[in-house]
Chemist: 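I'd like to ask you about the structure that follows.
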Amino acid sequence: MKKWLLLSMALYSANALAFPRENPVPGGIAHVTIAPLSNTAPIVQYAGQRVTVVPVASQWVALVGIPLDVEEGTQQLNTASGERIAFEIQPKQYKTQHITIRDKNKVDPDDESSERIVRELAVQQQAKTHFTEGETQLDFIKPVPGRDTGRFGLKRFINNQPRNPHSGMDIAAATGTPVEATAAGRVLHTDDFFFSGNTVYVDHGAGVISLYAHLSEITVKPGDVLQQGDIVGKVGSTGRATGPHLHWSVYLNGEPVDPALFLSSKK
Ligand SMILES: [Zn+2]
């Protein structure tokens, strides 16, 4: 058995799986036992996307990101060996949030902006579904200290118009506050997007991706290797934002999940 696997086993059996916490609801995470531990992690897919699989005690466990728009009930994982593994999703009602944006083009984009948004969606889809084989760090830190001003999953109305639910956590902080990588990883993509402004994607391995948006400044470039706590940029209000804050998202199998599930309640 490989050395890293023994180390992982020791680590995980000591903590069970502390992070991320299980919450099998839309926008939450299901823990699904796949197989007894072996040398390589099994290949598992959900809705056509690779799923994060980690060693927990003597088992491989899938951490499935549950889409925000999925109905409660039974869902299925597919393994490379042709197995189907069922898991259950419970219902959850998220609260509603009304926000006002002064820049009307950020709410009802003109034709040129709409074309830009479509181009950016393709780039974003590729970044959030990126999958690098290997291990991942799951005990996250909050990227900036501060008050949560917009929880994950809120049903949003912008200038009274229904919009997509909130795909991350908003943390209030002053412009220029350093933003720290939530865990070790590698910078996957940096960009200036129409809605999320200056944005950094970090690949934490095994299908775990984080995103930091509305930055006033980006201080990393794609390919940079990061330790947990390394600075990726500074808080700002670029893109569609009501004021300076960090928008922080975490993706599993390409789906945004509640970042709070990765944080210890002590942090
Ligand atoms: Zn946000």
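Numbering of ligands and ligand atoms starts at 1, following listing order. Because the structure is predicted, anything quoted here is derived from the model rather than measured.
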Chemist: Could you tell me whether the side chain of Ile89 reaches within less than 4.5 Å of the side chain of Val70, counting heavy atoms only?
Modeler: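 Yes. Closest side-chain heavy atoms under 4.5 Å.
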Chemist: Quick check on the 6.0 Å ring-centre criterion: do His189 and His130 meet it?
Modeler: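 No, they do not, as the ring centres are separated by 6.0 Å or more.
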Chemist: Just the protein N/O/S atoms under 2.8 Å from the Zn ion (ligand 1), please, no waters.
Modeler: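 Protein N/O/S atoms under 2.8 Å of the Zn ion (ligand 1): His166 NE2, Asp170 OD1, His247 ND1.
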Chemist: Do Glu120 and Arg116 sit within salt-bridge range, that is, some charged N less than 4.0 Å from a carboxylate O?
Modeler: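 Salt bridge present between Glu120 and Arg116.
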Chemist: Looking just at side-chain N and O atoms, do Asp139 and Gln137 make a donor-acceptor pair shorter than 3.5 Å?
Modeler: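 Side chains of Asp139 and Gln137: pair found under 3.5 Å.
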Chemist: Below 6.0 angstrom between ring centroids: does that apply to Phe140 and His204?
Modeler: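 Under 6.0 Å, so yes.
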Chemist: Are Asp170 and Arg147 within salt-bridge range, i.e. N to O under 4.0 Å?
Modeler: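 Looking at Arg147 together with Asp170, the answer is no, because their closest N to O distance does not fall below 4.0 Å.
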